[in-house]
Amino acid sequence: MTTLSDCQALDAQDPLRSLRDLFALPDGTIYLDGNSLGMMPRTTPERVADVVTREWGQDLIQSWNKAGWFAMPLAVGDKIARLIGAGAGEVVAADSTSINLFKVLSAAIHIAQADAPQRTKVVSERSNFPTDLYIAEALCQQHGLELVLVETEDIAESLSADVAVLMLTHVNYRTGAMHNMAAVTAAAHAEGILTVWDLAHSAGAVPVDLRSAKADFAVGCGYKYLNGGPGAPAFVWVNPQHADRCWQPLAGWWGHAAPFAFTPDYQPAAGIARYQCGTQPMISLAALDCGVDTLLATEALGGMAALRTKSLALTDLFIRLVEERCDGHGLGLATPREHAQRGSQVCLSRQEGAYAIVQALIARGVVGDFRAGDGGRHPDILRFGFTPLYIGFEDVWNAVEHLRQVLHSGEWQDARFARQHAVT
Ligand SMILES: *Cc1c(COP(=O)(O)O)cnc(C)c1O
């Protein structure tokens, strides 16, 4: 049996322990929701205040040049590139994940059909994050294509000669299951199919190597593991072999080769710069820069590989403690046990009461979240994200102890925990 002092010993030996000092950790909270909204870095309030009071308040429009505002989407993109195996100048921080997905999926469809007009299908997983499916549905409508949604185990056999694009999320938001990006991409390419990867639950959470996986397009989220703050800009990567092949559909002036030439016709910028649309939200982008810096701080301590080692140790420990200490309470494991198939979260399933149990845990300061079973096709999920930058092994112990008490006492059945909020 694992004990509290075992967990404390793991914290004492943790080479990444000091990184939690980069964050403003709220008292009395064990935050297991960094996969949904990352923690605020300590540097963010001052940086945002400086952008507002000095760069905007004093320097006003000169800040586009003087403070480097104009170059920031690509500068932050270069930092994110280091976390996802992309090269410098290949990533831009812009817009939202949904919007970036619209851009890259459009481009992928355009390129695929230019090469092979008989490819009339876009394939994705039924369990993909809904916004990804909605964007794909809208684009398929526009282009007269068919969106084919398959179960995870049926992806391989769905890759046929009439498929244009395979669009997947690398780590599943509900279950934490992770695809083998290189293998899936190779299987798609073997059939002449382009790949679009959503890294919303991967960037800053697990090692990603877009270049060696030979992926075609990728997007990802700024406010989850990148700690960029609510509504932070997202990012987009396009394999350099495709970047100049077509316009992206939101051909705004920020993606123009010379926005300040003010020409009436569009000339796309070279490379990833054309995947910008309009003026970036500078206050949010500055906050994202602070968030990304917390991940780059790991580079001196072993980088994403070291984060991954700790992440797996945290999720292994959580699974083990739940099984040792919460046995007999109807919890199932919805996340794969195999390390190669697991992201940085653990999802527990329960036939009933999942929502109320999560609410009871939040009332005790253990913040996870709830995801509804897919129209009854799957049980409801209690979801716990483990951000190795700021979560420790004793936190895992305490979280499971709270869960044990909530289940054992039945306190989750209290009526106040059944009340539904707009955002779960
Ligand atoms: C969080 C998430 C998004 C979020 O999209 P927004 O445009 O930022 O609202 C998209 N896709 C996936 C897979 C996500 O996990």
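Both ligands and their constituent atoms are indexed starting at 1 by order of listing.
- Side chains of Thr169 and Asn128: a donor on one and an acceptor on the other come within 3.5 Å.
- Closer than 4.0 angstrom to ligand 1 by heavy atom are Ser96, Thr97, Ser98, Phe129, Thr131, Asp132, Thr169, Asp198, Ala200, His201, Tyr223, Lys224, sorted by chain and number.
- With sequence neighbours excluded, the residues forming a side chain to side chain donor-acceptor pair (under 3.5 Å) with Thr195 are Asp216, listed by chain and number.
- In this model, no donor atom of one side chain and acceptor atom of the other lie less than 3.5 Å apart for Asp293 and Thr43.
- Residues meeting the ring-ring contact (aromatic ring centres under 6.0 Å, His included) test with His256, sequence neighbours left out: Tyr266.
- Counting only residues at least two apart or on different chains, no side chain to side chain donor-acceptor pair (under 3.5 Å) pair has a member in residues 217-226.
- Open room surrounds CH2 on Trp56; 12 or fewer heavy atoms of other groups in view lie less than 6.0 Å from it.
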